[in-house]
Student: 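Shown below is the structure under consideration.
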Amino acid sequence: MRRLFAVLLFLLAAPAVAATRPDLVVVVSIDQFRYDYLERFGPWFSERGFNRFLKNGANFSNAYYLHANTFTGPGHASIGTGRTPDENAIVGNTWFDRTAQDEKGWQNFFEDSGSYSVPNPPQAQGPYWYQTITGAPRYCVEDHRVVVSAGTTGGMSPVALAEDALGDRLREKFPQSRVMSVAIKDRAAILMGGRKADAVYWFDPNLPGFISSNYYRYDPALFAFNQTATRYLPSSGQWTLSGTIPPDAMKNVTFDPPDAWPFKNSRYGTHFDHPVANMRALTYTPFANDMLLDFTSRIVDVEGLGTRGTPDLLFVGVSSPDNLGHYYGPDSMEVAEDAVLLDRSLQRFIDGLDAKFHDRLLVAITADHGVQSMPEIARLKDPSIDAGRLDFRNPRKEAHLISELPAARIDIERSIAARLNIPFSADAHLSQALVAFFEEPSLYINWDRVRALKLDGEQVKRALRDVLLAMPGVGAVFTNSELLIANANPSNVERAVRLSFRADRSGDVIVELKKNWIWSYGNPNTTHGQPLPDDQHVLMLFWGAAVRPARYEQRASPIDIARSVGALLGFDAGGRDAQVLPFIDARQTALATALAQLENGQPYTLVVPPSATADVRSVAAALRKVVSDAPELPAGYARLDALEVNGDKATVRLWTGPIPKPQPGVLSMNCGTGHTFSLVRDANGVWRITSRGVAQC
Ligand SMILES: [Zn+2]
């Protein structure tokens, strides 16, 4: 006996197709995690933390950011949108907005950034320097229109993000799907979530607790978690070495002798044990990773993510590794200890998801950027290297005079004046300086001054470029005019700079440093932000539904995550340079695309080489092959059931879903979700699907 297809309930409104796609996609970004950490600290990883991905998942060992501005804002915007900053418009954590008159923006800037302060500032009168220049600094997620759910920080939203993100495209394709994002840092969570995220949460250490803003539909009940957040403070009040990496091995995989300690940041001590007295200090330790992941697990439960039949998307920004990485550097014991403890935290977190979702879960892990060694520690390791810091900081808020700039900025003003044959005085007001503002890697010219001196703008930019090129530590300099002209054959650095460049937000002149040189903030620390392998080469791992386990050596980039997840779910996401990664079987994406298009009732042509569109039998054969050859699917998960051709009309029937348990008298292959599509051959001989129905049994 054969069950009759015709007697099945026939639905015109298609329900979700659960055949081949995950119900929950989780994208984890570890803030500041270089690829080499996986190899250096790998011997001490647990069984199902990073090793879950390295042994049973896809490991892209050559994942590099394409853009030059390897900062947190651009990195997370790139992960979330699948687009480089020239497309997603997040060119930095902060940029200079030429058109803004924004006192609040300035106040936030002075609070958050380490401005340069001379020991005995001269007593000068008149307006402060920043009140004399046109424009204001703009933090990448600041939005004065909205308010945060609690605390005293400014409003935050993705209003500055351009272009669709992965989550935006998911919500368009599946309106019932949910997109959530959570991180310790506001900009990490907000920029990954995209413009249409349902809810986004981040941590305010002053509160202390997780917050959101009224841009989102956040759930206030989740903030009950904040009442218990102090339980993540270690009872000893200290962060001590766990011994996970034995002391002798620790010496081999780090470079952290007492000689190096004076170059590490002393705020929470320069070596183990570190005091952890409050919640801000907590965010400089691995304990904050557990707090974040526990809060994230609660969101999954409360929101019922992955349980409504349409795919949900969850972004997680693990921010503490960046905080402590800046203070202690990539050679430190702190970074090694954090990596192996984060490995355990991820194991607990993913074990919890795995228990709920099994094969309906896909997890990606990447990082927003890498990091450079502390220049002083790099020199301690190898005294022959050229390493250092360049201090281009803006002056303190109350400054008036050019003499209150850092020495390198005074040098710039002096040298450019000599080149342009204009007067220079260190005692002149800062409104007379030719550089108005610095935000790495951009210098913004004081156009009021250029106008007042009747100078040629291009000449000023070129003079500034040449002055900078003569400075120690400077590797490359570009004027924005140079970047606005096409260059068919740019250097690697220039290509990366172009992918970070927006004429409306980037500076007039852009400076890239040499390896082992970093921008100075005045404090002992290290940083990232250059188009160098140390900053661009990050981990990129996948595990779960649809993942073909292997180590993939080809060049790839974290922007490929959005395009690949989109392909798996049957829609386009990501920008010009993003690619579908080969960890997803191409046949699986073809099937996902076919099924997703059927759900929307769009005309559909299955294009499977070679030239399968010529005849409906080859369409059906190709579809059958797509289905039957997909090794990631349980055997028989999707089956071609029938094919009827009548002149220029045809019907194809496809079953998806697990094969039901055998029952007497029932051919069990023919059950699950039945897709019937009618095809018509058009004038060009291409078969198009004209109607579809979905049946259940
Ligand atoms: Zn970062």
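Owing to the predicted nature of the structure, the values given are computational and were not obtained by experimental measurement. Order of appearance sets the numbers: ligands from 1, and atoms from 1 within every ligand.
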Student: Between Y35 and H537, does the ring centre distance come in under 6.0 Å?
Tutor: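 Yes, the ring centres sit under 6.0 Å apart.
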
Student: Parallel, tilted or perpendicular: which fits the ring planes of F60 and F542, with parallel below 30° and perpendicular above 60°?
Tutor: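 Correct class here is perpendicular.
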
Student: Is a side-chain donor-acceptor pair under 3.5 Å present for T72 with H369?
Tutor: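 Yes, T72 and H369 have a side-chain donor paired with an acceptor closer than 3.5 Å.
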
Student: Would you call the rings of F109 and F437 parallel, tilted or perpendicular, where under 30° means parallel and over 60° means perpendicular?
Tutor: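 Ring orientation, 0 to 90° scale: tilted.
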
Student: Taking D97 first and then R505, would you say they form a salt bridge - that is, a charged N and a carboxylate O separated by under 4.0 Å?
Tutor: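 The answer is no: the pair does not qualify as a salt bridge.
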
Student: Does any N, O or S atom of D322, backbone or side chain, fall under 2.8 Å from the Zn ion (ligand 1)?
Tutor: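 No - counting backbone and side chain alike, D322 has no N, O or S atom under 2.8 Å.
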
Student: Which atom, counting only N, O or S, brings D31 closest to the Zn ion (ligand 1)?
Tutor: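 It is OD1, the N, O or S atom of D31 closest to the Zn ion (ligand 1).
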
Student: Taking N, O or S atoms only and a limit of 2.8 Å, check whether Q32 reaches the Zn ion (ligand 1).
Tutor: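 False for Q32.
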
Student: The Zn ion (ligand 1) and H76: any N/O/S contact shorter than 2.8 Å?
Tutor: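 Of the N, O and S atoms in H76, none lies under 2.8 Å from the Zn ion (ligand 1), which means no.
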
Student: For the Zn ion (ligand 1), give me the closest N/O/S atom belonging to D368, just the atom name.
Tutor: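 Nearest N/O/S atom: OD2.
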
Student: Work out the angle at the Zn ion (ligand 1) between OG1 of T72 and NE2 of H369, rounded to 10°.
Tutor: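 The OG1/NE2 angle about the Zn ion (ligand 1) sits at 110°.
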
